[in-house]
Asks: 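What follows is a structure written as structure tokens; I'll ask about it next.
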Amino acid sequence: MIDIAILRTQRDALAASLARRGVDFDLDALTDLDERRRQARVRAEEVRANQKAAGKAIATLVGEEKAEAIADASQLAEDYKALIADADALDEQFNSIWVQLPNMTDPTAADGLEEEDAVEIRTVGSPRIFDFDAKDHVELGAELGVLDVERASKVSGSRFGFVMGDLAIVEFALIRYAMDMLMPHGFKPMIPPVLVRDHALYGTGFFPGDAEQVYSITDDDLFLVGTSEVPLAAFHADEIFDEDELPVRYAGYSTCFRREAGTYGKDTRGIFRVHQFDKVEMFSFVRPEDSAAEHEFLLAREEELLGGLELPYRVVNVAAGDLGSSAAKKYDIEAWFPSQGRYREVTSTSNTTDYQSRRLKIRYRSESGNELVHTLNGTAIAVGRILIALMENNQNADGSVQIPQALVRYAGFEQLTAG
RNA sequence: GGAGAGGUGGCCGAGCGGCCGAAGGCGUUCGCCUGCUAAGCGAAUAGGGGGUGUAAGCCUCCUCGAGGGUUCAAAUCCCUCCCUCUCCGCCA
């Protein structure tokens, strides 16, 4: 949710921001509604103030005077009820529209509406040229006996996988690798709940917009998170930090659940796009003036992690129209996937400015009063896709897979081999 | 799943129809004092919306878990829901 003051004082900037996202909103109607709701509120409050004053006087009166005063106050109470109902209805009408507005777009976010409009910032490493027929991760995994998607579909349907044996150990290695890399930078390891209540999803901007991507446990009014960003952000809901506590950084490890509604026929092979995967997610709470730098900082951590795994990748600045509702700016890192012959997203880091903190009421005490913090998130390790990238990029002609040096100390072996 | 207790400001904790947005304590901040960062003294100290003002400020409304209700008046009474804790049962 963005600041309502922006509608009143920076309407042109808001209109420009929406235009860059390709979102169409009738701001004139919204401004009109905003004015009417405030007027209604003032009318109701005037009557309420009179009613309260009258009520206080009653306590000091007796007999007929008292009876008369009660009758008068009674009328005021009735009037107030009608007026406040009016004001509340207008508020509700306004808010239902307002929460749908996406975050203000950062001027440095790339122009364009589509995924393809992302602007490449840099490429690191280069795709490997194979002197043998490279296999994809499904084939490699099956032959090595470390990945089974066929049985997964028997058990759970499409878009699931069993990660097995040494490949499972590589996941554990990746997690520890990520934590060891992040902890020195002040990230606290967290294992959050993956079932959350709806306020956490509203607070992070996934509801109402992206509700169709979220698994719901209707019997208990709980929802499975698609990223630990959700519980990590909501962790500090309704709290006020002391300024010197900031920045607060977390590295959350959790399973992530996504319905992938509307992606039929897209990335259907293997575990590239699945309903369930594990991820280490970075999350930061910072002062507003620090968020742009923090965003670069998170990107730097992502590059450090990927670079350490020796994977070829490129960094892109995501187009305004492809940002999602809560991000003002977003960088994706795309690693090279040999079987697809192209770069695909493996991490994503967003500066959500005060969009989430406003909804979650996360503030800090500053000299000029309490202010909303800025929140940012970024993928440290999306396990499934990294496992694919490692297998496909580091495969040998005999179907074995080389483990990057940085992981060997955690995994305890240097290769994935059959048998 | 069964039985009970409770949800009040940064924290603890009183209040149980009107003088309560809320005693008292702790903490924090500012000032004073004391020949050292201790004690003591004084003051300030919840969040949010709206109006007005260049601003400091002033006015006003809402919030004592959430939402309804009773009443001229609700933290206080009634209803529904949520959450936490204790005991029992079950369980990784």
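Everything numeric in this text was worked out from a predicted model, so none of it was measured. Sequence lines set the chain letters: A, B, ... in the order given, protein chains first and strands last, and positions in each chain run from 1.
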Asks: Quote, to the nearest angstrom, the C1' distance that separates B:rC77 from B:rU86.
Replies: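 Between the two C1' atoms, the distance is 28 Å.
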
Asks: Any donor-acceptor pair under 3.5 Å linking the side chain of A:His137 with the backbone of A:Ile271?
Replies: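 A pair under 3.5 Å: yes.
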
Asks: Using the closest heavy atom to pick a nucleotide of RNA chain B for each, name whichever of A:Asn50 or A:Ile4 lands nearer the 5' end.
Replies: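 Upstream on the strand: A:Ile4.
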
Asks: So what does A:Arg38 hit on the nucleic acid, given a heavy-atom distance under 4.0 Å: a base, only sugar-phosphate, or nothing?
Replies: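 Sugar-phosphate contact only - A:Arg38 comes under 4.0 Å of backbone atoms but never of a base.
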
Asks: Aromatic contact between A:Phe257 and A:His275, with the criterion being ring centroids under 6.0 Å apart: yes or no?
Replies: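 Centroid distance A:Phe257-A:His275: not below 6.0 Å, so no.
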
Asks: Between the side chain of A:Asn103 and the main-chain N/O of A:Thr352, is any donor-acceptor distance below 3.5 Å?
Replies: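 At least one qualifying donor-acceptor pair exists.
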
Asks: Could you provide the dot-bracket string of RNA chain B, using ( ) for intrastrand pairs, [ ] for crossing pairs and | for bases paired to another strand, with Watson-Crick or G-U pairs below 3.5 Å?
Replies: ((((((((.[[[..)..(.....]]]((((((.......))))))(((((((....))))))).[[[[[..)....]]]]])))))))....

Asks: If I pick the P atom on B:rC62 and the same atom on B:rG67, what distance separates them, to the nearest angstrom?
Replies: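 Each nucleotide's P atom is 14 Å from the other's.
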
Asks: Going by side chain to side chain contact (heavy atoms under 4.5 Å, CB included), A:Val286 matches just one of A:Leu376, A:Val373, A:Asn351, A:Leu246. Which one?
Replies: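 Output: one option passes, namely A:Leu376.
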
Asks: When the P atoms of B:rG10 and B:rG47 are compared, how many Å lie between them, rounded to an integer?
Replies: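 The answer is 7 Å between these two P atoms.
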
Asks: Select base, sugar-phosphate, or nothing to describe what A:Arg8 touches, counting heavy atoms under 4.0 Å on all strands.
Replies: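 Counting heavy atoms under 4.0 Å across all strands, the contact made by A:Arg8 is with sugar-phosphate only.
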
Asks: By a strict heavy-atom criterion of less than 4.0 Å, which residues belonging to residues 75-91 of chain A are in contact with RNA chain B?
Replies: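 Those residues whose heavy atoms fall under 4.0 Å from RNA chain B, taken from residues 75-91 of chain A in numerical order, are A:Ala77, A:Lys81.
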
Asks: Once ring pair (Phe, Tyr, Trp, His ring centres under 6.0 Å) is applied, do any residues pair with A:Phe277, and if so which ones, sequence neighbours excluded?
Replies: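 A:Phe277 satisfies ring pair (Phe, Tyr, Trp, His ring centres under 6.0 Å) with no other residue.
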
Asks: Is the Lys NZ or Arg CZ of A:Arg48 less than 6.0 Å from the centre of A:Tyr80's six-membered ring, within 45° of the axis?
Replies: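 So A:Arg48 does make the cation-pi contact.
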
Asks: When we call it a touch if two heavy atoms are under 4.0 Å apart, what does A:Ala49 touch: a base, just sugar-phosphate, or nothing?
Replies: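 Result for A:Ala49 = sugar-phosphate.
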
Asks: Give A:Lys52 one of three labels, base, sugar-phosphate or nothing, depending on what nucleic acid heavy atoms sit under 4.0 Å from its own.
Replies: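 Sugar-phosphate: the residue A:Lys52, judged by heavy atoms under 4.0 Å, touches backbone atoms but no base.
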
Asks: Looking at residues at least two apart in the chain, or sitting in another chain, which of them share a side-chain contact (heavy atoms from CB on, under 4.5 Å) with A:Ala73?
Replies: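 For A:Ala73 the side-chain contact (heavy atoms from CB on, under 4.5 Å) partners, ignoring immediate neighbours, are A:Ala54, A:Ile58.
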
Asks: Can you confirm if the aromatic rings of A:Phe206 and A:Phe223 lie within a centre distance of less than 6.0 Å?
Replies: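 Centroid separation for A:Phe223 and A:Phe206: 6.0 Å or greater.
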
Asks: Determine yes or no for a side-chain-to-main-chain donor-acceptor pair under 3.5 angstrom, with A:Asp210 supplying the side chain and A:Gln213 the backbone.
Replies: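 A pair under 3.5 Å: no.
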
Asks: When the C1' atoms of B:rG7 and B:rC16 are considered, how many whole Å apart are they?
Replies: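 Roughly 15 Å separates the two C1' atoms.
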
Asks: Angle class for the A:Phe297/A:Phe187 ring planes (parallel below 30°, perpendicular above 60°, tilted otherwise)?
Replies: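 A:Phe297 and A:Phe187: parallel rings.
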
Asks: Any chance the rings of A:Phe285 and A:Phe241 have centres within less than 6.0 Å?
Replies: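 Aromatic pair counts; centres sit under 6.0 Å.
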
Asks: Looking only at atom C1', what distance separates B:rC87 and B:rC79, rounded to whole Å?
Replies: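 Each nucleotide's C1' atom is 28 Å from the other's.
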
Asks: For the C1' atoms, the ones on B:rG1 and on B:rC20, what distance do you get once it is rounded to whole angstrom?
Replies: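 It works out to 42 Å between them.
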
Asks: Would you measure the distance from the C1' atom in B:rC36 across to the matching atom in B:rC26 and give it in whole Å?
Replies: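 Approximately 26 Å lies between the C1' atom of B:rC36 and that of B:rC26.
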
Asks: What residues, two or more places apart in sequence or in another chain, satisfy ring pair (Phe, Tyr, Trp, His ring centres under 6.0 Å) together with A:Phe94?
Replies: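 A:Trp98.
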
Asks: Along RNA chain B, 5' to 3', what are the outermost nucleotides having an atom less than 4.0 Å from a heavy atom of chain A?
Replies: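 Listing 5' to 3', RNA chain B meets chain A from B:rG18 to B:rC83.
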
Asks: With P as the reference atom in both, quote the distance from B:rU37 to B:rC30 in angstrom, rounded to an integer.
Replies: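 Pairwise P distance, B:rU37 against B:rC30, rounds to 15 Å.
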
Asks: For A:Asp238, report the nucleic acid contact type (base, sugar-phosphate, nothing); a contact means any heavy atom under 4.0 Å.
Replies: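 No contact.
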
